[in-house]
Amino acid sequence: MPRLALYTFGVLKSPLADPAPLTREFHDRGEAVYRKMHRAPGYLARAEPAEGSRGTVFDLDWGAWGAFTVPAWYDKGRTAKTTALAATLSLWTGLRPAFDAVYTGLHREALNRRADWFDRGGHPSHAFWWVPDGVTPTWQDGVSRLEDLHDGGPTPRAFPFHRPFTPEGVPTGLRGTGPETEAAR
């Protein structure tokens with residue numbers, strides 16, 4: 001059964017190492033959001049560094065998720081003191097569960113604060129695509145899908161929440177998405 005991959009990327013207003021209250025608040029809130037997401041219906045997995053892996057996001061061992069990479073438009077630092085980004089890569093059973101997890105609860109509260117933490121850019125902040133069962137998407141897959149979405153708009157290869165496609169590549173809405181029709185459950 002196909003699964004839905006979600007890559008998110010944002011450029012922070014200040015480096016993660018910045019001791020300013022807003023940066024600390026973003027980091028602290030992120031941990032709570034991740035704990036909540038792990039319990040969300042339809043959540044399958046997310047890219048996490050291997051236990052004991054040390055360094056910046058660029059140096060960590062991400063296992064099957066591949067080497068960490070960023071979109072071409074990211075032009076801030078890559079060191080522990082200068083990295084100013086937030087990125088996630090996750091797997092879901094379908095679009096509706098991902099939508100519900102992102103747009104409710106703690107994550108919704110964080111989205112309402114994104115203007116405090118993130119630079120506004122002319123690039124999409126997320127991209128979805130369907131992957132076959134047993135396939136682990138890589139960071140490079142996510143970056144390439146996000147860049148494709150930016151360059152060519154929504155296609156079955158890369159799409160946003162508001163312009164989704166079924167696993168078969170048919171344009172759809174939130175209803176009727178996923179490996180099975182959500183309404184049939």
Side-chain angles (χ1 to χ4, degrees), residues 1-12 30 33-34 37 40-47 57 62 64-76 84-115 117-185:
M1 182 179 324
R3 300 170 301 153
L4 191 65
L6 169 60
Y7 174 72
T8 67
F9 186 83
V11 179
L12 294 165
V33 168
Y34 283 138
M37 285 284 187
Y43 169 85
L44 298 171
R46 76 173 169 101
V57 293
W62 294 93
W65 303 90
F68 187 83
T69 188
V70 294
W73 64 77
Y74 176 73
D75 61 0
K76 291 193 177 180
L85 62 86
T88 64
L89 180 58
S90 57
L91 283 170
W92 296 84
T93 58
L95 191 63
R96 173 52 67 185
F99 182 89
D100 291 345
V102 168
Y103 287 105
T104 61
L106 290 176
H107 194 272
R108 177 63 192 186
E109 290 172 21
L111 282 177
N112 289 339
R113 298 284 313 278
R114 65 183 168 239
W117 301 316
F118 291 94
D119 285 342
R120 282 200 164 296
H123 307 283
S125 62
H126 70 279
F128 285 105
W129 69 100
W130 293 99
V131 296
D133 192 30
V135 170
T136 301
T138 65
W139 288 108
Q140 182 58 54
D141 294 335
V143 167
S144 105
R145 305 295 174 133
L146 192 68
E147 289 174 340
D148 286 353
L149 179 60
H150 176 261
D151 295 343
T155 67
R157 180 171 158 68
F159 54 89
F161 272 121
H162 68 281
R163 299 270 311 274
F165 289 81
T166 66
E168 298 77 28
V170 177
T172 188
L174 277 176
R175 295 181 74 128
T177 59
E180 302 171 26
T181 302
E182 304 289 337
R185 291 184 181 172

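Put simply, CG on Leu4 and CZ on Phe99 are 13.5 Å apart, with the number rounded to the nearest 0.5 Å. With rounding to the nearest 0.5 Å, the separation of CH2 in Trp92 from CG in Leu44 is 8.5 Å. Going from atom CG of Leu146 over to atom CG of Asp151 covers 9.5 Å, rounded to the nearest 0.5 Å. For the atom pair OH of Tyr34 and OH of Tyr43, the computed distance is 9.0 Å after rounding to the nearest 0.5 Å. Atom CZ of Arg46 sits about 9.5 Å away from atom CH2 of Trp65, to the nearest 0.5 Å.
Without hydrogens or angle criteria, Thr8 side chain to Thr88 main chain gives a donor-acceptor distance under 3.5 Å. Between the side chain of Glu147 and the main chain of Ala72, a donor-acceptor pair closer than 3.5 Å is present. Of the possible polar contacts, one joining the Arg145 side chain to the Arg157 backbone as a donor-acceptor pair under 3.5 Å is found. Between the Trp117 side chain and the Ala110 main chain, no donor and acceptor come within less than 3.5 Å of each other.
Partners of Arg113 under the salt bridge (Lys or Arg N to Asp or Glu O under 4.0 Å) rule, at least two apart in sequence or in another chain, are Glu25, Asp116. Here Thr136 pairs with nothing under the side chain to side chain donor-acceptor pair (under 3.5 Å) rule; sequence neighbours left out. With sequence neighbours left out, Asp133 forms a salt bridge (Lys or Arg N to Asp or Glu O under 4.0 Å) with Arg3. For Ala87, the side-chain contact (heavy atoms from CB on, under 4.5 Å) criterion is met by Tyr7, Phe9, Phe68, Leu85, Trp139, not counting sequence neighbours.
Of all the heavy atoms in Val57 and Trp62, the pair that sits closest is O-NE1, 3.1 Å. The shortest non-hydrogen separation linking Pro137 to Trp129 is CB-CZ2, 3.6 Å. Taking each heavy atom of Gly169 and Pro156 in turn, the nearest pair found is O-CG, 3.6 Å. Heavy-atom minimum distance, Pro164 versus Leu95: CB-CD2, 3.2 Å.
The stretch residues 98-107 participates, sequence neighbours left out, in these side chain to side chain donor-acceptor pair (under 3.5 Å) pairs: Arg96-Asp100.
In this structure, a donor-acceptor pair under 3.5 Å is absent between the side chains of Thr138 and Gln140.
Contact of the Leu91 side chain with the Val131 side chain is registered, since non-hydrogen atoms from C-beta on lie closer than 4.5 Å.
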Side chains of residues 118-128: which donor-acceptor partners sit under 3.5 Å, not counting sequence neighbours?
unit_1, atom_1, unit_2, atom_2, d
Asp119, OD2, Lys76, NZ, 3.0
His123, ND1, His150, NE2, 3.3
His126, NE2, Phe161, N, 3.1

